[in-house]
**Student:** 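One structure follows; several queries about it will come next.
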Number of protein chains: 2
Amino acid sequence: MHTRSKISILQTTCINCTQTNCIVNSYANSESNRKFIESKKILKCKKGQQFIMEGAMVNGLFIILKGTAKVFRTGINGKEQIVRFAKSGEVIGHRGFGTEEHYPIGAVALEDTLLCYFSKELLQEALLNNAKLAYDMMLFYANELNRSESKVKTISQMTVRERVIDSILYINRKFGDTDGYLNLVLSRKEYADYAGTTEEQVIRTLSTLKKEGLIRTRGKKIGIYNIDNLKAEISQHNFFLDS
Amino acid sequence: MHTRSKISILQTTCINCTQTNCIVNSYANSESNRKFIESKKILKCKKGQQFIMEGAMVNGLFIILKGTAKVFRTGINGKEQIVRFAKSGEVIGHRGFGTEEHYPIGAVALEDTLLCYFSKELLQEALLNNAKLAYDMMLFYANELNRSESKVKTISQMTVRERVIDSILYINRKFGDTDGYLNLVLSRKEYADYAGTTEEQVIRTLSTLKKEGLIRTRGKKIGIYNIDNLKAEISQHNFFLDS
DNA sequence: TATAAAACATGTTTTTTCGCAGTTTTTTAT
DNA sequence: ATAAAAAACTGCGAAAAAACATGTTTTATA
């Protein structure tokens, strides 16, 4: 069962925000960004709710205040490719900021989620008035690009088994685990959509890994028994380690 | 046979540079960037020469003044994944600009090439002093990210045949054709490394496409006969069109 | 807590892709 | 122009992955 949000007072400004890894938050106190910061809106999003539709007009940017989301692109026959999972403090919707007028991705909340929303116009103004903010955003994109290109290689060169292991380690790295089970619970289908394979293939691989004593499962939940052996299996691919 | 460079006078500043689509060039006249611009060095690079080594320290950024290059990541058993092909005016080496200290990619000149080189320190200074430059760099990264994530989906969901067609169309779009053959001549191996498959598979696919009257080949050269039918085959995947 | 729906699981078949080995053609360098 | 090297091609068997079919367990909800 997912945790229901317990936040009752919705902050309307960033000034007192406790989010430490938010790219905007770092500049909340800057006078030049006041207008931008104050334009922020907070959205409540139920579990399973889609808050960015693929192909919709780009009109702003989201930052997760609390919660989790998956970001994806829809392919042939509606098959979705999950591009990344996002947690508190992370930016979503930034992909439409280039020459694109439409969001090239969709986003769905994986649990009840609170989103900060900034309008495109004011964000652009803030970026052009604050070189440091623009620079930091640039670095954010650069890292995302690095990750994405690394993923191209992963999907292109790894076997299904390796990609499933890689996915489990990614979820572990990003969301951690509690009481022996990963904190973010995904369906086998979602693992498949992230790893670029089919649901059955993921299920089979997990069964095998379970028999081999590398992981354990309990319903949808997955726990890692032997992280070193898991890492060892894909280490040969990661000549220079990626986030 | 590739064209030998005929440039005899090497410009040492951007002021009179004729390159129109260079991101730095647009700010060449700005006084604040003078120091940065003047730090530029020009490098000559022979065909086949590797000018960025994977894993080397990031110490600067390259912009192609004249020529072509391939950018790649090396995977298991030395199998390379070509991430993109770059032409005049394009930035290379920017992937190491985030938190990374080492280039996550390698780059090789595909013909005799002239490169502009900017030191990391001065570029950073320029970015922090010029919000517009940082903003434009951010947009550049955003577009690259968009392309890369699109490629993840392509490799994940398309068949080998579709990926080969997609690659041919990409080369056509980016480098154009003359006298019925694509301007950029790549080996079958390079097509495979870009499309995420094997050399034999590319050869097989090209043979079939030839028999079907969609393309023609003459040695390494590839020509497109029926671009609309080629596009039609992959159009179903590109719900929202990508560059 | 009963029940329906969703998700997990596994065996079988089919399709796709890969890898090897040998041949021919093209390119490159002398 | 010619020889050597590199690249392109082809067929075939093997392996990997996907698709299909069907049963079981878990989860959500009335």
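Below, chain A is the first sequence line, B the second, and so on; all start at residue 1. Since we're looking at a predicted model, the values are computed, not measured. Quick note: numbers below take in every heavy atom, side chains included, and nothing from hydrogens, waters or symmetry partners.
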**Student:** Side-chain contact test, heavy atoms from C-beta onward, threshold under 4.5 Å: evaluate it for A/E90 versus A/K174 and give yes or no.
**Tutor:**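 Yes, at least one pair of side-chain atoms sits under 4.5 Å.
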**Student:** Taking atom C1' of D/dC20 as reference, at what distance in whole Å does atom CD of A/E200 sit?
**Tutor:**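 It works out to 8 Å between those atoms.
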**Student:** Measure from CD on A/Q157 to P on C/dT17 and round the result to the nearest Å.
**Tutor:**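 Taking CD of A/Q157 and P of C/dT17, I get 17 Å after rounding.
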**Student:** What's the closest nucleotide to the side chain of B/T159 if the choices are C/dC8, C/dG11, C/dT17?
**Tutor:**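 For B/T159, the side-chain atoms sit closest to C/dT17.
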**Student:** Any side-chain N or O of A/Q201 under 4.0 Å from OP1/OP2 of D/dA17?
**Tutor:**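 So the side chain of A/Q201 is outside the cut-off, no N or O lying under 4.0 Å from OP1 or OP2 of D/dA17.
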**Student:** Is B/R218 near enough to C/dT26 that one of its side-chain N or O atoms lies under 4.0 angstrom from OP1 or OP2?
**Tutor:**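 No, B/R218 has no side-chain N/O under 4.0 Å of OP1/OP2 on C/dT26.
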**Student:** Find the distance A/R161:CZ to D/dA18:P and express it as a whole number of Å.
**Tutor:**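 Nearest whole value for this atom pair: 16 Å.
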**Student:** Out of C/dA7, C/dT17, C/dA9, which has the shortest distance to the side chain of A/K210?
**Tutor:**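 The nucleotide sitting nearest to the side chain is C/dA9.
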**Student:** Need to verify one output field. Residue with the more 5' nearest nucleotide on DNA chain D, A/R204 or B/K211?
**Tutor:**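 Taking each residue's closest nucleotide, the earlier one in sequence belongs to B/K211.
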**Student:** Using whole Å, what does the distance between atom C1' of nucleotide D/dA18 and atom CD1 of A/I76 come to?
**Tutor:**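 It works out to 15 Å between those atoms.
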**Student:** When you measure from the side-chain N and O atoms of B/T197 to the phosphate of C/dC18, is any distance below 4.0 Å, counting only OP1 and OP2?
**Tutor:**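 Looking at the OP1 and OP2 atoms of C/dC18, one of them is under 4.0 Å from a side-chain N or O of B/T197.
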**Student:** So for atom CG, which belongs to A/D179, do other residues, nucleotides or ligands contribute more than 12 heavy atoms lying within a distance under 6.0 Å?
**Tutor:**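 Count not over threshold, so no.
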**Student:** Quick one: B/M158 CE to C/dT17 C1', roughly how many Å, whole number?
**Tutor:**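 Atom-to-atom, B/M158 to C/dT17, this comes out as 17 Å.
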**Student:** From C/dT28, D/dC9, D/dA17, pick the nucleotide closest to the side chain of B/K47?
**Tutor:**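 Closest of the options to the side chain of B/K47: C/dT28.
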**Student:** Between P on C/dT27 and CD on B/E190, what's the gap in Å once rounded to a whole number?
**Tutor:**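 So the two atoms are 15 Å apart, to the nearest Å.
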**Student:** Report the distance from atom NZ of B/K189 to atom P of C/dG19, rounded to the nearest whole Å.
**Tutor:**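 After rounding, the reported distance stands at 12 Å.
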**Student:** Measuring from the side chain of A/S207 (C-beta onward, heavy atoms only), which nucleotide among D/dA7, C/dT10, C/dG19 has the closest atom?
**Tutor:**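 Per side-chain heavy atoms of A/S207, the pick is C/dT10.
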**Student:** A cation-pi test, strictly: NZ or CZ of A/K41 under 6.0 Å from the centre of the six-membered ring of A/Y117 and no more than 45 degrees from its axis. Yes or no?
**Tutor:**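 Relative to the ring axis of A/Y117, which defines the angle, A/K41 lies outside at least one limit.
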**Student:** Could you check which of D/dA17, D/dA7, C/dT17 has an atom nearest any side-chain atom of B/V160?
**Tutor:**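 Looking only at heavy atoms from C-beta outward on B/V160, the closest nucleotide is C/dT17.
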**Student:** What residue among A/E54, A/E80, A/K79 forms side-chain hydrogen bond (donor to acceptor under 3.5 Å, both in side chains) with A/T74?
**Tutor:**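 So, applying the side-chain hydrogen bond (donor to acceptor under 3.5 Å, both in side chains) to A/T74 and each of A/E54, A/E80, A/K79, only A/E54 qualifies.
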**Student:** Tell me whether B/K153 contacts the main-chain N or O of B/H237 through its side chain, where contact means a donor paired with an acceptor under 3.5 Å.
**Tutor:**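 Checked: pair present.
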**Student:** Tell me: CD of B/E162 to C1' of C/dT16, nearest whole Å?
**Tutor:**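 That distance rounds to 12 Å.
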**Student:** I need the single residue from B/Y191, B/F72, B/Y194 that forms a ring pair (Phe, Tyr, Trp, His ring centres under 6.0 Å) with B/F85. Which is it?
**Tutor:**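 Option passing the ring pair (Phe, Tyr, Trp, His ring centres under 6.0 Å) with B/F85: B/Y194.
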**Student:** Nearest to the side chain of B/I203, which nucleotide is it out of C/dT10, D/dT10, D/dA7?
**Tutor:**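 Minimum distance to the B/I203 side chain belongs to D/dT10.
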**Student:** Which of the following nucleotides, D/dT10, D/dA7, C/dA7, is nearest to the side chain of A/K220?
**Tutor:**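 The answer is C/dA7, which lies nearest to the side chain.
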**Student:** Output yes when at least one side-chain N/O atom of A/R188 is less than 4.0 Å from OP1 or OP2 of C/dC8, else no.
**Tutor:**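 Indeed, a polar side-chain atom of A/R188 lies that close.
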**Student:** Which residue lies toward the 5' end of DNA chain C, A/E199 or A/S156, if each is placed at its nearest nucleotide?
**Tutor:**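 Counting from the 5' end, the first nearest nucleotide belongs to A/E199.
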